[in-house]
Number of protein chains: 2
Amino acid sequence: MAGFRKVPAPTLESVAARAGVSRATAGRILSGKAGRGENSKAVHEAAAELGYVANYAARSLMTRRSDAVAFVVSEPEESVFLDPFFATVLRGVHEGVAARERQLTFIIVSSEHDRHRLQQFIVGGHLDGLMFGAFHGADSLPDAVRALGIPVVQCGRPHEADDDLAFVDADNVGGGRAAAGYLLDRRAFVVHVAGPADMTPAQDRRAGFDLELAGRGLTATQDRTVHAPFTVQGGREATEVLLDRHPQLDGVVAASDAMAVGAIQALTARGRRVPEDVGVVGFDDVPLAEAAQPPLTTVRQPIRQMGREVADLLLDQIDGRSGPRHVLLPTTLRVRGSA
Amino acid sequence: MAGFRKVPAPTLESVAARAGVSRATAGRILSGKAGRGENSKAVHEAAAELGYVANYAARSLMTRRSDAVAFVVSEPEESVFLDPFFATVLRGVHEGVAARERQLTFIIVSSEHDRHRLQQFIVGGHLDGLMFGAFHGADSLPDAVRALGIPVVQCGRPHEADDDLAFVDADNVGGGRAAAGYLLDRRAFVVHVAGPADMTPAQDRRAGFDLELAGRGLTATQDRTVHAPFTVQGGREATEVLLDRHPQLDGVVAASDAMAVGAIQALTARGRRVPEDVGVVGFDDVPLAEAAQPPLTTVRQPIRQMGREVADLLLDQIDGRSGPRHVLLPTTLRVRGSA
DNA sequence: CTGAAAGCGCTTACAG
DNA sequence: CTGAAAGCGCTTACAG
């Protein structure tokens, strides 16, 4: 093989020489800091002819900017890429970052070593800001990063209330209420298949469910809720528990679409028809919801837009624009066949 | 809000001062270019106490390295993140890149403007190498990038034979043969639901199918193949065409698992049972294959490992190690319930 | 092994 | 608006 060598890129020096001006002048004109000088045209032409692009390392050394931001996930590597929620968030994030001409880097932190490397990476000046997309438990990483003095936005409400930590989330409480309300208007005994108790979206959806029941005078309903992982299997097993506990149930609010599919499996296995005997409402409105049999009535959260907002919030901070620190996007009930 | 300011990072200068040596010496010791000097310990301690990390922009300016590589997809943005194939490739790529301490950047090129920006980005020195993950049609982008003098690896066989362009692929020809052979051993009339004619994996799988038929003395079998998109719908529609054309068919080699699911839908709709009346073999072995009803007999390609190999091949080029330029990973038949 | 010095390519006060 | 000059933080021949 021939071996490779980077083609030497043209420098500001060479552009200046070709245009017959100083390096400083060429630099100012190309960065738009010199309005309408005599030399403007000559410099632009020289740059175009040479295919000049500023060397980013040199620029970064002066400006202390990298023009790169990272999306960090601290889930175990396995799940991230195949999770349709993250996949869609990422789409929005990419869109928002690209629209403002920054570079998106992708980082997975799954070990102590990874955490350490990320810190090194930041101290080294690689990143202007970070977005975090983890939901499990309380994570100290966002705070640790903020202590380094760089902007951070969290995707999803953080565990501890912290007015300084910017975040974007869907209105999970409202969504939980809407789902519960829809079923309570139509069914006699409604239960909740909740997500993991240590994840804020699960907590908020459950809070919405509880709120709606309480609003209708239903109290002491804790035994109507069972927590489980956000998966088909989790939904199936939680529903089995609830069926044993409340054989009369005829409405299920599931905390995710996958869980709703599991709930339908469990119900069907016990001879209950959906939606004839039991109404089931999902949450998220991922592709699975439409593909399910029957198609899922579900609470839609605008996942892609959440990604965009995360990117925008971060970039606003980096650029020193003031704006909201917390964004809560509305959720909406989509009625299909399952309830 | 308080506004933010980057915490000034410690410099080599400050480490040197604290250790009582020159900047040059400190730099050499920290980069391992000075073996066992008197000062070694003092410098390491000073660096640890200060939390020193080399400023990457300054380093990059000298070394002409960015220590970052990019995975580039030129599909329209929509499909990439949700495609389980790319999701899994990306997992492997991330793993391989992280293992060698580089940074992975993710780039989507969906317009002329995006292409231009990518070129700028490269000329600006942001990237040490690129991986391409597009399959549709002949794409000039990898060549354009290589012309800039930086290493490139393609994920999947490129359209034009080009010994200089490194690539990683699964043995699609072998997989196509295996699928056809398996069915031909058991069935009387086997057809092929092929992928898009302009995509190399589809071409190679079909070539394997044709080869196997020819090897058994079956000629003039072009009318046993119909091309369609790599989707459930594509598989369904192609199968309908084949059923009209060859009502006697009793074996289907599908070019993807999604297509196999579509084939099963079409067959079932026409009253054929799978696998009793017709055997169906998929390709890829994505999660869908196991979840399908019946579970798919399919040709497995080691997708994640492909990602790893792509990363390794690229990093080997960047590091100047010589090695294979083309890697073909074996495919294996997984027998489940559909054939 | 060590230090003084040059230089990577850019941006930015400082004078004019 | 323009130019000469300093400086960002590092690496790396060059002498010793």
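Every chain is numbered from 1, with letters handed out A, B, ... down the list of sequences.
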Nearest-nucleotide comparison on DNA chain C, the residue closer to the 5′ end among B/Val21 and A/Thr63: B/Val21

Euclidean distance, atom CE of residue B/Met62 to atom P of C/dA5 [Å, nearest integer]: 17 Å

All stems with DNA chain C, defined as three or more consecutive Watson-Crick or G-U pairs under 3.5 Å: C:1-3 with D:14-16, C:5-12 with D:5-12, C:14-16 with D:1-3

Separation of D/dT2 C1' from A/Ile29 CD1 (nearest whole Å): 9 Å

Check: C/dG9 base within 3.5 Å donor-acceptor of B/Arg64 side chain: no

D/dG9 P sits how many Å from A/Arg59 CZ, rounded? 18 Å

Knowing that exactly one of B/Val72, B/Leu130, B/Val152 qualifies, which makes a side-chain contact (heavy atoms from CB on, under 4.5 Å) with B/Pro142? B/Val152

As a test of reading the structure: which of D/dT11, C/dG3, C/dT12 is closest to the side chain of A/Arg28, going by heavy atoms? C/dT12

Using the C1' atom as the point on both nucleotides, what is the distance between C/dG16 and C/dT12, in whole Å? 16 Å

In Å, rounded to the nearest 0.5 Å, how long is the span from OG of A/Ser66 to NE2 of B/His126? 8.0 Å

Using a heavy-atom cut-off of under 4.0 Å over every strand shown, decide if A/Ala24 touches base, sugar-phosphate, or nothing. base

Could you tell me whether B/Arg64 and B/Asp128 have a side-chain N and a carboxylate O separated by less than 4.0 Å? no

Could you state the CG-P distance from A/Leu30 to C/dG9, rounded to the nearest angstrom? 16 Å

Paired with A/Pro151, the side-chain contact (heavy atoms from CB on, under 4.5 Å) test is passed by just one of A/Asp319, A/Ile318, A/Leu315, namely A/Ile318

Distance check: side-chain N/O of A/Asn39 vs OP1/OP2 of D/dT2, anything under 4.0 Å? yes

Of the nucleotides D/dC10, C/dT11, C/dT2, which has the atom closest to the B/Asn55 side chain? D/dC10

N-O pairing of A/Arg59 and A/Asp67 below 4.0 Å: no

Can you tell me if B/Lys33 touches the phosphate of D/dT12, counting only side-chain N or O atoms and a distance under 4.0 Å to OP1 or OP2? yes

Parallel, tilted or perpendicular, as decided by the 30° and 60° cut-offs, for the rings of B/Phe71 and B/Phe86: perpendicular

Among the nucleotides C/dC10, D/dG3, D/dG9, whichever has the atom closest to the side chain of A/Ser22 is D/dG3

List the atom pairs, donor and acceptor, that lie under 3.5 Å between side-chain atoms in residues 48-56 of chain B and the rest of the protein, sequence neighbours left out.
{"from": "B/Glu49", "atom 1": "OE1", "to": "B/Arg18", "atom 2": "NE", "distance (Å)": "2.6"}
{"from": "B/Glu49", "atom 1": "OE1", "to": "B/Arg18", "atom 2": "NH2", "distance (Å)": "2.9"}
{"from": "B/Asn55", "atom 1": "OD1", "to": "B/Ala57", "atom 2": "N", "distance (Å)": "2.9"}
{"from": "B/Asn55", "atom 1": "OD1", "to": "B/Ala58", "atom 2": "N", "distance (Å)": "2.8"}

Within this structure, what is the OH-to-C1' distance between A/Tyr56 and D/dG9, rounded to whole angstrom? 14 Å

note: B/Glu13, atom CD; D/dC10, atom P; distance rounded to Å ~ 9 Å

Are the side chains of B/Val97 and B/Val93 in contact, using a 4.5 Å heavy-atom criterion? yes

Please work out if A/Tyr52 contacts a base, only the sugar-phosphate, or nothing of the nucleic acid, heavy-atom cut-off 4.0 Å. sugar-phosphate

Interatomic distance where CZ belongs to B/Arg65 and P belongs to D/dC10 [whole Å]: 19 Å

Expressed in angstrom and rounded to an integer, what is the separation of B/Leu12 atom CG from C/dC8 atom P? 19 Å

C/dC10, C/dG3, D/dG3: which one has an atom nearest the side-chain heavy atoms of A/Thr25? D/dG3

